Structure formats: structure tokens, C-alpha cells
Amino acid sequence: MAKPKNETLLSIEKLEVVYHNVSTAVLGVSFEVRNHQIVALLGINGAGKTTTLRAISGFLGVDDAKVTEGLIQFRGEKIQNKPPHFITKKGIVLVPERDKVFENLTVEENLQVSVSLRKSRASGQDFKDLILHYFPVLGKVGNHLGGYLSGGERQMLALSTALVCGPRLLLVDELSLGLGPIIVDELMNLIKVIRDEQQVTVLLVEQNALAALEIADYGYVIENGRIVFAGDPDRLRNHEDIKEFYLGQGERESQKSYRDIKQYRRTRRWYG
Amino acid sequence: MQIVVNVIVLAALYCLICCGYVLIYRASRVLNLAHGELMTIGGYFLFTVAIGLGNDPVQSFLLAFIFSLALGFIVYFFLMRFMAGESALASVLVTVALGILLRGLITLIWTSQYRHPLQHLGMENSSHQIVEGAVISTFGIAMVISTVLLYLVLFLCFKFTRWGLRMRAVGENPILASQRGISLHMYYALSWGIAAFSVGLAGMIQACDSGLDPDMFVIGLKAFPVVLVGGLDSLGGVIPAAFIVALAEILTIHYISPQASEVAPFVVLISMLLIRPWGLFGTKEELERV
């Protein structure tokens, strides 16, 4: 406990998740999240990002998924294959990629549904002020149904309901999905502010690497269920392959034909 | 006038029964086909408690309420809990099996003899003339009042209490609800508890009104069209649906023949399924699940 700021909060070791008893979705992912960091987990579609987050936040019976091997440790405690509500009470709260708000409940009701870690009833009002402080828009749409919100408002509401749970570690799945660049910037900055003011650690899963690396302290690249590259944002940003495939700013952009890209993709290799 | 009163009492009975169907379905997407048996058992609980306590209606009813509530929790924790996450069809079949089992147990424990809990409660079921040419029995009034009270309480709870909100949240998106820290088992058990309680209450009042035998579960079966007409996931839809079905049934008794009345709810159901398969107030997409 000498340097609590850099203490490892969450560590994943050789995680393997199996769906429906047969198909393996994540093959031996290992990474760690340190206290007070914003960590970005980057990768393309189907790389295993969402599965990793779901494994951390817990599976339900309906998911028919299981962590078959490896370790998920949160503050030194093994938490794999525990039900989601247990994990939420431990302080890990997920903002899922879709179905992130209750569509038939109003904004106010959505906020009341979350089970707060902080027990006292008196803190209810504080929470509301806190949420309105970060997301003033939600105050104006308090009576609207969750299903009628715009994409940005919906994401804000999802973040808010997660915050009401009082997380130590916030897992955010695809913050930028379906949102315009301005609102993405705004939300990313808000996450940074919330991290600083609320002492929350954030694990961010993103396809939009550029936006995520803006605020991240550390990043991992996940591909085909494996971590292939890791480093701080500068290192990631300067890596040729990441520039090419995640940031869309390869150097030979102009002279490249589609065929070259395909070839390059096949020979892409990762070195750490 | 008598017809109107009869329709109201029967509709109240259906409302009381169906609220359990809807609660369980909304929370866990399971259709409880053992509902009629839970109702019968409610009646027998009252009968047994009444014999045990003798001439003490208040305590007898309270104790029987507690038994019914407990039965719901027990069914969930010892049976339905293990079906969580299985396909909806599997869960429904389990409730069918549960129904058969309960029916057997009822006959074993209480025999198929006709019972009258009212004798043991020391109460009388008298007729009251409320308006010119219309009578209603004491327990008919009790049925209407308890239905109104139950629905009022449930609506207020769902709208204004935290657990009511969470119950709705669980029904809408169990995964997200769980990720927001809600223990699903607690709320599923609660839905089973309230369902068993409300349908047990219906069984108790019905038993006081017109006696009790193991065949009472048929009423639960007849109430099933009401939920389908109202829309499976809509508590508000139950009320108009109950009136429609009750009206059809009473009119059949009055103008065609009492024997035909058993069929009337199902005729309503079939015509409903032809016109609006998802029910009066149901959600369209819910249809595929059953």
C-alpha cells in the first residue's frame, strides 16, 4: 500500500470464455488496470472486447457463457463466474454497448432503479445533484421515457445510472458507437473529469481508437481474442500498424491500391 | 340488473386470478400453468387453518395469506430458480408438471370430498339486495373489494416505490437490471410470492362463496383466456379483458345454457386470437415467446 495510486485494481490472466459449452470466444487475454487510470481496450469487430467486458461484469444464465480458464481478480479477490449484481456490489459497473437504458421507464425512474453502493438514503439527493452537474441535459428530459431519448442522451443516462451504483471501476463498452464526433469528444472529456473528481477507474472498450487514446493513460490492442500490443497512448499512436488500421493515417496512403491493403493485412505482425 | 352484478363479481374473480399470471410473465417470461392449482391450494389452506383455529375468521385468513405467500416463494426457490436461463418452453412445461403434482397432492391430503371452509370459520354468506332486483353475496362483495384494493396497491407500487420500479426493470431487461446491482432471484421470487398470494386469495373467497373441491383449478384454466385477451404482459389490460370474458360467460349462462358457459371464455379467446393475437394491450413482439 505504499503507492495506492498505482495499485493494481483489476487483473485479468489468461481469460477464456466459452459460449454454449462449445465455442471459445476469448483466448487467453491477460491485462491489468491500475487504480485511477483510464485504460483503453482497442480492437475491431469480433475481436473479443465485449466478451471480455461481459466476463468481468458477470454472466447470467441466459447468456449461457462461462469463464472456463484464467483469473479475474479485483482488488485481490477472484470474481469470475459471479452473478452481475454481486460484481456490481463489489464496485465494478458496466455501461453496456446496447440495451443500456430501460426503455419503458422514464429518465428519473431509470436513475432510481440502480442499487447504490452507498447505503444512506440521504445521499439520494446528492446523487441527483451530481448527475445533473455532469449531465445537465438529463434534468430537462426527466419525464421522458428511456426509449425516446436520442443516442447521446441515452449514453449519458447509461453513464449516470452506472454512476449511481457508486463504482470503483467503470467499464464502458463502445462509448462512441452511433454518436457524432462532437458528442463523442464531449463524453470522452466528461469521463476524464469524472475519473478525476469521483476517484473512478475506467476501462474503455472502443473501436474509435483515436477518441479513446485522447483520454487514455494506457492502451491494449486485442485481436482474435488475444492481446497483441500494449503501451501508453503515444506508443500506440506511433505504431505503424495501429496508425494504418486503427487510426486510418498510414504513410503510404496515396499510392496504395486495395490489393496492397489486403496483402499488408495478411502480413501484419505485432512486435512489442 | 342481476346480470350486471354477476358480471362484476365474475370479472373481479378473473382479475384476481390473472394478476398472478401477468406478474410472473412480466418478471420472468414464464407462463405459470400451475396457477389454478395454486388457487385451489389457497382455498384448502383456509379450510385447514379454519379447522385448526376454529371460529376466528381474521386470524384464519391472515394465516392462510401467509401460507399462500410462502408457497409462492417455495415454488420459486425449490423449482423455478433452476429453470432461470432455460428456454421459455422448458419453464412452462415445468409449471405444467408442477400443476399435475399439486393436483395429486391436493387429492392425497384433502381427498376429493366437497368442503365448506365457511362452516369452520363461523361466518355466514348472506345475500344482500343492493339495488332493485339484484342480489350479491357477502363474499361476492369481498371479492370485488379485495380485487380493487389489490390492483390499486399494485399500480401504486409499480409507479411509485423503488421495488416496484425495479420489478418493472427486471421484467424489461434482466441483464441490465442485474448489472445495476439488482438481485434477480429476489424479484422473481417476489413475483411468484405475490402471484401465489393473489390467486390464493381468489381461491379462498371462491371457496367461501361456493365450496371447495380439487376441481377448482378449472377456474384458473378458464381465467387463462383473460390474460391472453388482455395481453400477457399488461396488468392494465387484464381489467377490460376480464369484463369482456365475464360478460360473454354470464350472457351465455343467461340466454343459451349454463353448460355452454364453460366454453364462452375460449370462444372469446379464439376470436381475439384471430383479430389481435397479441391481446388488447400486449406488446406485439411478446407473441413469439410463447
Side-chain angles (χ1 to χ4, degrees), chain A residues 20 53-54 56-66 82-106 108-119 121 124 145-147 154 157-158 160-167 170-171 173, chain B residues 22 26-30 76 79-91 94 155-190 231 233-237 281-286 289:
Chain A
H20 313 299
L53 279 200
R54 289 296 316 277
I56 299 168
S57 67
F59 292 118
L60 269 186
V62 282
D63 294 317
D64 199 7
K66 223 171 100 183
K82 291 277 196 298
H85 67 90
F86 175 87
I87 287 171
T88 299
K89 280 175 188 145
K90 287 271 165 232
I92 304 182
V93 183
L94 172 74
V95 178
E97 182 180 348
R98 44 189 111 89
D99 296 332
K100 57 188 96 188
V101 301
F102 297 106
E103 301 194 343
N104 294 325
L105 302 186
T106 65
E108 291 256 349
E109 288 171 338
N110 262 287
L111 290 169
Q112 282 173 32
V113 163
S114 294
V115 178
S116 169
L117 272 178
R118 301 172 211 182
K119 289 280 183 230
R121 272 188 167 265
L145 286 185
R154 202 180 278 231
L157 179 58
S160 305
T161 57
L163 281 178
V164 172
C165 291
L170 192 63
L171 311 174
D173 198 354
Chain B
V22 174
R26 253 176 72 151
S28 53
R29 297 289 177 267
V30 171
Y76 180 75
L79 189 69
M80 298 316 292
R81 186 162 61 102
F82 304 105
M83 299 310 295
E86 299 295 326
S87 81
L89 186 63
S91 306
V94 166
F155 274 122
L156 291 178
C157 282
F158 278 133
K159 196 70 197 152
F160 297 112
T161 67
R162 204 163 270 238
W163 70 260
L165 282 179
R166 287 189 179 143
M167 194 115 153
R168 280 162 68 196
V170 165
E172 189 185 323
N173 187 344
I175 295 178
L176 182 61
S178 183
Q179 284 161 352
R180 289 292 169 267
I182 298 170
S183 167
L184 294 184
H185 286 312
M186 225 178 81
Y187 284 89
Y188 288 162
L190 196 62
D233 54 346
S234 157
L235 202 56
F281 296 92
T283 327
K284 260 191 208 185
E285 50 104 20
E286 297 293 341
R289 297 184 197 255

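Bear in mind that the values here come from a model prediction, so they are computed numbers and not experimental data. Order of the sequence lines sets the chain letters (A, B, ...), proteins ahead of strands, with each chain counted from 1. Below, all heavy atoms of this structure are taken into account, side chains as well, without hydrogens, waters or symmetry copies.
Contact detail for A:Val113 and B:Ala169: the closest heavy-atom pair is CG1-CB, 3.7 Å. The minimum heavy-atom distance between A:Ser57 and B:Gln179, with the atom names listed, is OG-NE2, 4.0 Å. Here the closest non-hydrogen pair linking B:Leu176 and A:Pro96 is CD1-CG, 3.8 Å.
With a 4.5 Å cut-off on non-hydrogen atoms, A:Arg54 touches chain B through its side chain but not through its backbone. Only the side chain of B:Glu172 comes within contact range of chain A, with at least one heavy atom under 4.5 Å from a heavy atom of that chain.
If you run side-chain contact (heavy atoms from CB on, under 4.5 Å) between A:Phe102 and each of B:Asn173, B:Leu165, B:Val170, only B:Asn173 comes through.
One distance of note links CZ of B:Phe160 with CD of A:Gln112; it measures 10.5 Å at 0.5 Å rounding. Separating the CZ atom in B:Arg168 from the CG atom in A:Leu105 is a distance of 5.0 Å, to the nearest 0.5 Å.
A heavy-atom distance below 4.5 Å is found between the side chains of B:Ile175 and A:Leu60. Between B:Lys159 and A:Glu109 the shortest side-chain heavy-atom distance falls below 4.5 Å.
No donor-acceptor pair under 3.5 Å is formed between the side chain of B:Arg180 and the backbone N or O of A:His85.
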